[in-house]
Participant: 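So that we are looking at the same thing, I have put the structure below in structure tokens.
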2 protein chains.
Amino acid sequence: MAAGRRAVTRDDVARQAGVSTAVVSYVVNNGPKPVAPKTAARVRDAIELLDYRPNPSAKALRKGRTDIIGLVLADADNPFYTEYASAIGAEAFDRGRALMIATARHDLANETRLVDDLLGRQVDGIIAASVSHRPEETMLRSFRLPPVVLLDASAPTPGFAGVGLDGASGARLAVEHLVRVHGHRRIGLVLGETNPEREDNRETGWRRALHDEGLPEGPLARVSWTRDGGYEAGRLLLDDPDPPTAVFACSDLLAVGLLRAGHERGLALPGDLAVISFDGTKEAEYSWPPLTVVAQPIAEMARAAVSLALDPARPTPFHQFPGTLVVRRSCGCPVA
Amino acid sequence: MAAGRRAVTRDDVARQAGVSTAVVSYVVNNGPKPVAPKTAARVRDAIELLDYRPNPSAKALRKGRTDIIGLVLADADNPFYTEYASAIGAEAFDRGRALMIATARHDLANETRLVDDLLGRQVDGIIAASVSHRPEETMLRSFRLPPVVLLDASAPTPGFAGVGLDGASGARLAVEHLVRVHGHRRIGLVLGETNPEREDNRETGWRRALHDEGLPEGPLARVSWTRDGGYEAGRLLLDDPDPPTAVFACSDLLAVGLLRAGHERGLALPGDLAVISFDGTKEAEYSWPPLTVVAQPIAEMARAAVSLALDPARPTPFHQFPGTLVVRRSCGCPVA
DNA sequence: CTGTTAGCGCGTTCAT
DNA sequence: ATGAACGCGCTAACAG
């Protein structure tokens, strides 16, 4: 605690270096005015000597920016989002911003309060994986709204920037692999609750890919976006008289739940049931069998999200990224 | 963005309510001076009408506190820590604080820079699951150090508060179950790198419990604290001529890696190899077989950590919590 | 190239 | 019970 010691301020540095406070500021911020090299060196020595650290509150008060990015997560149980959050944090740090995190725990009222708090704390931008399909429910309550970036955006949303994955072609990747490489003809879909006003891109992709392969539509289970939901989907799909031989799960978590349901029924996996999922988390690599996935490029998406959150005036406030098929055992391929 | 609109300040509220700015402050903060009920009501109406939100930077500048807690994580890939972080966030929010998160990604240099940044941002307290065994390596560089709480503390560390689990009795719980209920006589241990100067409590507990049961020490694998590490431990333990029939893994992640190694060798799990692990994350519940675990009381630990981070002058700055055995299939018990 | 100084919005002391 | 005024530490406009 080293109590009692008054914090070192800019004035102390100025006095120590024998210059005015403005010069200290110019040196610390590389501008906006030039400083003679020798003077600058003196100032830097004084900073070093006194271990001066600019007061961020004073800076924020003066500049109107906090250099903080707010991140709203519906859910910290989903490793996809925590890996995403970690990447966003790294990116933000590289750009000199800190990350303030709020997890809503699947609760819309929580989310509203957390967003409110973040807004009240004057974060420079908000990145959100919202609980709601209609983000304007929790945002937009304030007049002075910073840039807001929606994660998992499947389509442009008016008033918000968005970063998302190309779900349609990702789903197609999975379906085509199951059909062309492994000869499946009955492929189910598992997904969570989605915006009822607009079909999810992954669902669309699955549907179209099946159609293009000349196959009938497989069964569909809509559950909650959790491991428990995936487990429930297993009950819905596998206890059916005509179960699918393969399933595309719209998230790793759903697939993990589905796998457990399969194991409990004594199914051979992937023999009796092949699975491909969406996300590409580390957990999916360590499930049994290891999951073949359509991986999301988390690092690139994080970079885009932070850029958008920091710079509201982008020409294209909606970035969509392609997924990559990563083959493991759960599709039936004989890999390590 | 609703640009151009100047933020509403205390002065606007005062003008609107026909009072001085001091009175607005008294009302907002419930003090330090009393305000006549009628006046207070007028002020509250004005606040409501104008949608006034106090400026946190100005408040922080004035009070010298930011109402922000910093959380340093070595690792955002470990669901135990992300669940922990989520609980800490909820607890902090309940106490009116926001959470600033920094993930070091297993890198000590990263951690040092992140802690420095957090300190520079003048967080009111730091909660840390450090990369290092010697936290003073990354902390204590500053003279004005806020309260620091070490997560996963196995023993009191001078200068830091600590919250941890009673690893010794947790390990004992696991060993006794494997011995007394399932009759195992050769029980291995998997753990990550620990402080070389002091044996890990879980290791001690495992050793002592075996001894007390009249059993010889089983094999021990020390690897990195990751799924990959657990997988590696599988190689070390299972390819031995005299492999253990049961293993206690010091984290869920290690157990998950070990399970995969077992599956790949065609072992019956738990028949050929029983596993119990430490932590009790959701991932452990959905591995195959589902893991029997010694669960940590995350919510209580989070509460304690936040209290300690906010109040440096606690009498006992080291809290240790008991683990709970949660029985699933991986130990051999015939449960759902 | 360097110095002086006016606020940023707030909490609080001192006066009334 | 209320109000006037100061200063927290900083940036940047302005003056030299």
Participant: Output the rounded distance in Å from CG (B:Asp12) to C1' (C:dC8).
Facilitator: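 For the pair B:Asp12 CG and C:dC8 C1', the rounded distance is 14 Å.
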Participant: Please set out all donor-acceptor pairs under 3.5 angstrom arising from side-chain atoms of residues 90-101 of chain B, sequence neighbours excluded.
Facilitator:
| unit_1 | atom_1 | unit_2 | atom_2 | d |
| --- | --- | --- | --- | --- |
| B:Glu91 | OE1 | B:Arg303 | NH1 | 3.3 |
| B:Arg95 | NH1 | B:Ser307 | OG | 3.0 |
| B:Arg97 | NH1 | B:Arg95 | O | 2.7 |

Participant: Send over the distance from A:Asp11 CG to C:dG3 P, rounded to a whole Å.
Facilitator: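 Rounded to the whole Å, the gap is 13 Å.
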Participant: Check whether any side-chain N or O of B:Asp75 sits under 3.5 Å from a backbone N or O of B:Arg105 as a donor-acceptor pair, and report yes or no.
Facilitator: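 The answer is no, because no donor-acceptor pair under 3.5 Å joins these two groups.
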Participant: Show the distances under 3.5 angstrom between N or O atoms of the protein and N or O atoms of nucleotides 11-14 of chain C.
Facilitator:
| unit_1 | atom_1 | unit_2 | atom_2 | d |
| --- | --- | --- | --- | --- |
| C:dG11 | OP1 | B:Asn29 | ND2 | 3.3 |
| C:dG11 | OP2 | B:Ser25 | OG | 3.1 |
| C:dG11 | N7 | B:Arg10 | NH1 | 2.7 |
| C:dG11 | N2 | B:Arg62 | NH1 | 2.5 |
| C:dG11 | N3 | B:Arg62 | NH1 | 2.1 |
| C:dT13 | O4 | B:Tyr26 | OH | 3.1 |
| C:dC14 | N4 | B:Lys33 | NZ | 2.8 |

Participant: Applying the side-chain contact (heavy atoms from CB on, under 4.5 Å) test to A:Val8, which of A:Leu50, A:Asn55, A:Asp51, A:Leu49 qualifies?
Facilitator: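 Exactly one option meets the side-chain contact (heavy atoms from CB on, under 4.5 Å) with A:Val8, and it is A:Leu50.
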Participant: May I have all residue pairs that pass ring-ring contact (aromatic ring centres under 6.0 Å, His included) and include part of residues 56-80 of chain B, sequence neighbours excluded?
Facilitator: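 Qualifying pairs: B:Phe80-B:Tyr84.
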Participant: Using whole Å, what does the distance between atom C1' of nucleotide D:dG3 and atom CZ of B:Arg42 come to?
Facilitator: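 That distance rounds to 13 Å.
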Participant: Check every strand shown and say whether A:Thr39 touches a base, only sugar-phosphate, or nothing at a heavy-atom separation below 4.0 Å.
Facilitator: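 Since only primed, P, OP1 and OP2 atoms lie under 4.0 Å of A:Thr39, the category is sugar-phosphate.
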Participant: Could you check how far CD1 of B:Ile47 sits from P of C:dC10, rounded to whole Å?
Facilitator: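 The distance from CD1 of B:Ile47 to P of C:dC10 comes to 10 Å, rounded to the nearest Å.
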Participant: Can you pull out every side-chain hydrogen bond (donor to acceptor under 3.5 Å, both in side chains) where at least one residue sits in residues 30-43 of chain B? Sequence neighbours excluded, please.
Facilitator: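 Applying side-chain hydrogen bond (donor to acceptor under 3.5 Å, both in side chains) to every pair that reaches into residues 30-43 of chain B, excluding sequence neighbours, yields nothing.
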Participant: Let me know the distance between NZ of A:Lys38 and P of C:dC1, rounded to the nearest Å.
Facilitator: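 One finds 14 Å between P of C:dC1 and NZ of A:Lys38, rounded.
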Participant: Atom CG of B:Leu61 and atom P of C:dC8: how far apart are they, to the nearest Å?
Facilitator: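 Roughly 14 Å, once rounded to whole Å.
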Participant: Which is more 5' along DNA chain C, the nucleotide nearest B:Ala58 or the one nearest A:Val35? Just name the residue.
Facilitator: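 On the 5' side of the pair lies A:Val35.
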Participant: Starting from the first five and the last five pairs of the helix from C:dC1-D:dG16 to C:dT16-D:dA1, work out the angle between the resulting helix axes, to 10 degrees.
Facilitator: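 Terminal axis comparison yields 40°.
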Participant: Going by distance alone, is a donor N or O of one side chain under 3.5 Å from an acceptor N or O of the other, for A:Asp11 and A:Thr21?
Facilitator: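 The criterion, which ignores hydrogens and geometry beyond distance, is not satisfied for A:Thr21 and A:Asp11.
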Participant: Rounded to whole angstroms, how far apart are CZ on B:Arg15 and C1' on C:dG9?
Facilitator: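 Taking atom C1' of C:dG9 as the reference, CZ of B:Arg15 is at 13 Å.
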Participant: With side chains defined as the heavy atoms from C-beta onward, is the minimum distance between B:Val163 and B:Phe321 less than 4.5 Å?
Facilitator: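 When only atoms from C-beta onward are counted, B:Phe321 and B:Val163 do touch, with a gap below 4.5 Å.
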Participant: Using atom CG of A:Asn55 as one end and atom C1' of C:dG9 as the other, report the distance to the nearest whole Å.
Facilitator: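 Going from CG in A:Asn55 over to C1' in C:dG9 covers 14 Å.
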Participant: Sequence neighbours left out, what passes salt bridge (charged side-chain N to carboxylate O under 4.0 Å, His left out) with A:Asp12? Give chain and number order.
Facilitator: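 Salt bridge (charged side-chain N to carboxylate O under 4.0 Å, His left out) list for A:Asp12, sorted by chain: A:Arg6, A:Arg15.
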Participant: Under a 3.5 Å distance rule, please check whether A:Asp124 uses its side chain to pair with a backbone N or O of A:Thr66 as donor and acceptor.
Facilitator: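 Present.
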